[in-house]
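Input: a single structure, listed below in structure tokens.
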Amino acid sequence: MEAKGLTYLFVGLSFALYIGIAFWSRAKSTNDFYVAGKGVHPVANGMATAADWMSAASFISMAGLIAFLGRDGSVYLMGWTGGYVLLALLLAPYLRKFGQYTVPDFIGTRYYSNAARLVAVICLIFVSFTYVAGQMRGVGIVFSRFLEVDIDVGVVIGMVIVFFYAVMGGMKGITYTQVAQYCVMIFAYLVPAIFISILITGNPIPQLGFGDTLVNSPTYLLDKLDQVTTDLGFNAYTENTKSNIDIFCITAALMFGTAGLPHVIVRFFTVPKVSDARKSAGYALVFIALLYTTAPAVAAFARINFIDSIQDVNYSVAPNWFKNWENVGLIAWRDKNKDGKIQYSAGNALEGVRPVYSDTRGDSGERVLDNKPNSTNSNEVYIDRDIMVLANPEIAKLPGWVIALVAAGGLAAALSTAAGLLLVISSSISHDLLKKTFMPKITEREELLYARIAAGFAILIAGLFGIYPPAFVAQVVAFAFGLAASTIFPALLMGIFSKRLNKEGAIAGMLSGLIFTASYIVYFKFLYTSLNNSENWFLGISPEGIGFLGMLVNFFIALTVSYFTAKPPEEINLMVENIRRP
Amino acid sequence: MKNRNSNQEYWRANLKIVSVLLLVWFVVSFGFGILWSETLDQIQIGGFKLGFWFAQQGSIYVFVILIFIYVFLMNRLDKKYFESNDRD
């Protein structure tokens, strides 16, 4: 009860802070609305970029995912940070020099073509909406577990908050709320991580505790984890299970995809100078690395804590968090051997993907399931990986205020990313579709009004995704990165580094990257899901990694087509020379 | 014309910096973290196998350092080619 009161307090205070900031930084012009008046300090922009980038997936899901994947989870750690090196060295300074408002704007101008602009807008909207759907689900999970309100109510509250500061403040409002959200988020992530690191290893720095020995034992944490996981029939925690080529391609697709995500790129349009854009990418990665180097430590702590606290424990005395998450529907227990104790090991406990609960309670008081038990293994526990970070403080028996803090942090992560995405969607509609393509005569005031209307509509659609989550959310994440890597990133890169690339090449490249990547993902993820295994994959590359090949296809087609068609006009030559100068 | 030449020189110097840094970026993440990580695992530092450490910690630290080296080198380059020109 105490934790719940504190959660209301923390979440309420953080929301009040965001609204206050939004009111203070209202947007007065399109320049304010799209790029925060280009007056954001590089450190502030670094924080805002970090908050923009680190979504509900990074904050809530990633450590849980790594906890269960072990070493295979490294693809996310390297993939989602290494992209910033590409962004800093290859894109950010030049796009800042270009100085326009959106990513399609650069593509449309550099390739002197509204068709190229349109292809970019379509890719952008697809990538961004994919992403938003995940954020709203994150908001729903946090609200339903910690504030015990309906998921729908939670989503609506989230929508109202985002609506308030995104529509009113535009990029300016979003930037300064993101700075606040970063602080809330990182504090909420580090505090429990430090506590748990001290509890398990005695070392207050999680990054070091991760490689340290257990308290009162000469055994290293990772060695213990390898032993426990193999004893239970899993792969050893620090061993790879995927093939090297697949790990390589997934990491590459995530890196190039990260560098091609429009909502991250536009953050670098908001700083005053080219040199600030470079610096700001560095700060952004520092702020991101703070969470990303902590996450694998949290993952290892969580895995070992989770196993320790439930293995062979009688359900009647099982910890409260286990029953709370069971009530939310993200944990299930089926007493296969009828001994009243929880046994956790490798394999799916149940037939079917998700547990289906009936309304009755079993002999030990557990929620009875309609699923058939999976008889090929003795695992009795279903657990949704998304809950690990949220449940971790409870599993480690940390005080109520830490749990409340994590709830506020999860909301900050989800809301800051949602706002950033909604802004790029609305600005690509009002600026690229209306002002630059279909209604060039509108005044700046009208464009600002349309931007606000578009933001409002985008929020409504995102909210609908949260209330009626499409079943395919998990599958489409591969889509977002694959498409960003195979369409937007190559178009931007070649636009800067090649003067020869013309409009025909760029459009052909984007379309071929798009079609190649999308059809591979649709084939394995939607049409023939039973064939989705390494035997059938092209060169052993999974749909998650195919964006990397899509990018190579794009480069090849774009350069070949350009070679056989007319050179770009002289003013494009001058434009490229201009963006190459700081 | 002189201006145009110095622009090209600046761009070439820029490309050199970017390629060297990206080579390091590739070797540390794709090399140490993936392709040669199992060989590096033979070396143990504290509780970490080295390949595992690069994949889950080390590569991220190197990424941060690379960007700041880039910032430093580019600021120096900008100064050499542009700020001194302004004063002439």
Side-chain angles (χ1 to χ4, degrees), chain A residues 66 70-71 73-75 77-79 81-90 93 201 207-213 219-224 237-240 244-245 247-248 251-252 255 274-275 278-286 288-289 292-293 295-297 299-300 497 577 580-582, chain B residues 3-4 6-8 10-12 14-15 17-22 24-26 28-38 41 44-75 77-79 81-83 85:
Chain A
I66 297 169
R71 187 169 187 161
S74 313
V75 295
L77 294 166
M78 288 191 286
T81 51
Y84 277 84
V85 179
L86 299 169
L87 204 52
L89 272 57
L90 301 175
T201 67
Q207 285 83 346
L208 300 178
F210 188 25
D212 210 336
T213 53
T219 317
Y220 284 115
L221 166 76
L222 289 169
D223 291 341
K224 171 83 187 289
Y237 190 83
T238 63
E239 298 293 330
N240 279 325
N244 262 354
I245 181 162
I247 295 181
F248 187 100
T251 308
M255 281 187 186
V274 171
S275 58
R278 299 183 195 125
K279 233 185 284 173
S280 169
Y283 289 123
L285 191 57
V286 169
I288 292 167
Y292 269 64
T293 53
F497 286 83
E577 272 178 20
R580 287 175 179 185
R581 276 194 301 271
Chain B
N3 192 16
R4 184 140 198 173
S6 85
N7 277 342
Q8 276 172 358
Y10 169 82
W11 183 243
R12 268 198 293 274
N14 176 3
L15 288 181
I17 292 173
V18 169
S19 351
V20 171
L21 294 176
L22 284 183
V24 178
W25 165 83
F26 180 84
V28 170
S29 52
F30 291 95
F32 295 170
I34 300 172
L35 299 175
W36 312 313
S37 74
E38 271 157 40
D41 278 352
Q44 175 111 8
I45 295 180
F48 292 113
K49 293 187 274 189
L50 192 58
F52 178 82
W53 183 79
F54 266 108
Q56 299 215 335
Q57 296 273 303
S59 54
I60 303 176
Y61 299 129
V62 176
F63 294 156
V64 172
I65 295 167
L66 284 177
I67 299 185
F68 281 101
I69 294 177
Y70 172 72
V71 169
F72 173 77
L73 293 177
M74 289 307 287
N75 282 347
L77 200 67
D78 287 358
K79 219 176 215 154
Y81 281 91
F82 294 97
E83 280 177 28
N85 280 1

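To find a chain, count down the sequence lines: A is the first, B the second, and so on, and within it residues start at 1.
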Just give me the residue among A:L77, A:L89, A:L285, A:T81 that pairs up with chain B most often, heavy atom to heavy atom, under 4.5 Å.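 Sorted descending by pairs with chain B, the first entry is A:L89.
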What part of [X] lies closer than 4.5 angstrom to a heavy atom of chain B: side chain, backbone, both or neither?
X      : value
A:A252 : both
A:L90  : side chain
A:I66  : side chain
A:L221 : neither

Ignoring hydrogens, what is the shortest heavy-atom contact between [X] and [Y]? Give both atom names and the distance.
X      : Y      : value
B:I34  : A:N244 : O-OD1, 3.7 Å
A:A281 : B:I67  : O-CD1, 4.0 Å
A:P296 : B:Q56  : CB-OE1, 3.3 Å
B:G47  : A:L222 : O-CD1, 3.6 Å
B:F48  : A:Q207 : CZ-O, 3.8 Å
B:N75  : A:R278 : OD1-NH1, 3.7 Å

Selection from [options] maximising heavy-atom pairs under 4.5 Å formed with chain A:
options                    : value
B:L21, B:V64, B:I65        : B:V64
B:I17, B:I60, B:L77        : B:I60
B:L66, B:V28, B:L35        : B:L35
B:W53, B:F54, B:Y10, B:Y70 : B:Y70

What is the distance from atom [atom1] of [X] to atom [atom2] of [Y], rounded to the nearest 0.5 Å?
X      : Y      : atom1 : atom2 : answer
B:N7   : A:R581 : CG    : CZ    : 4.5 Å
B:Q8   : A:E577 : CD    : CD    : 7.0 Å
A:E239 : B:K49  : CD    : NZ    : 4.0 Å
B:F52  : A:F210 : CZ    : CZ    : 4.0 Å
A:M78  : B:F30  : CE    : CZ    : 7.5 Å

Would you call the rings of B:W11 and A:F497 parallel, tilted or perpendicular if under 30° counts as parallel and over 60° as perpendicular?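 Rings of B:W11 and A:F497: tilted, 30 to 60°.
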Decide if the gap between the ring center of B:Y61 and the ring center of A:Y292 is smaller than 6.0 angstrom.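 When the ring centroids of B:Y61 and A:Y292 are compared, they turn out to be at least 6.0 Å apart.
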Centre-to-centre under 6.0 Å for A:Y84 and B:W25, is that the case here?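 No, too far apart.
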Tell me, side chain or backbone of B:L15 under 4.5 Å from chain A's heavy atoms, or both, or neither?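 The side chain, not the backbone.
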Non-hydrogen atoms of chain A under 4.5 Å away: do they reach the side chain of B:S29, the backbone, both or neither?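 Both backbone and side chain.
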How about B:S37 and A:R71: do any of their side-chain heavy atoms sit closer than 4.5 Å?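 Touching, per the 4.5 Å side-chain cut-off.
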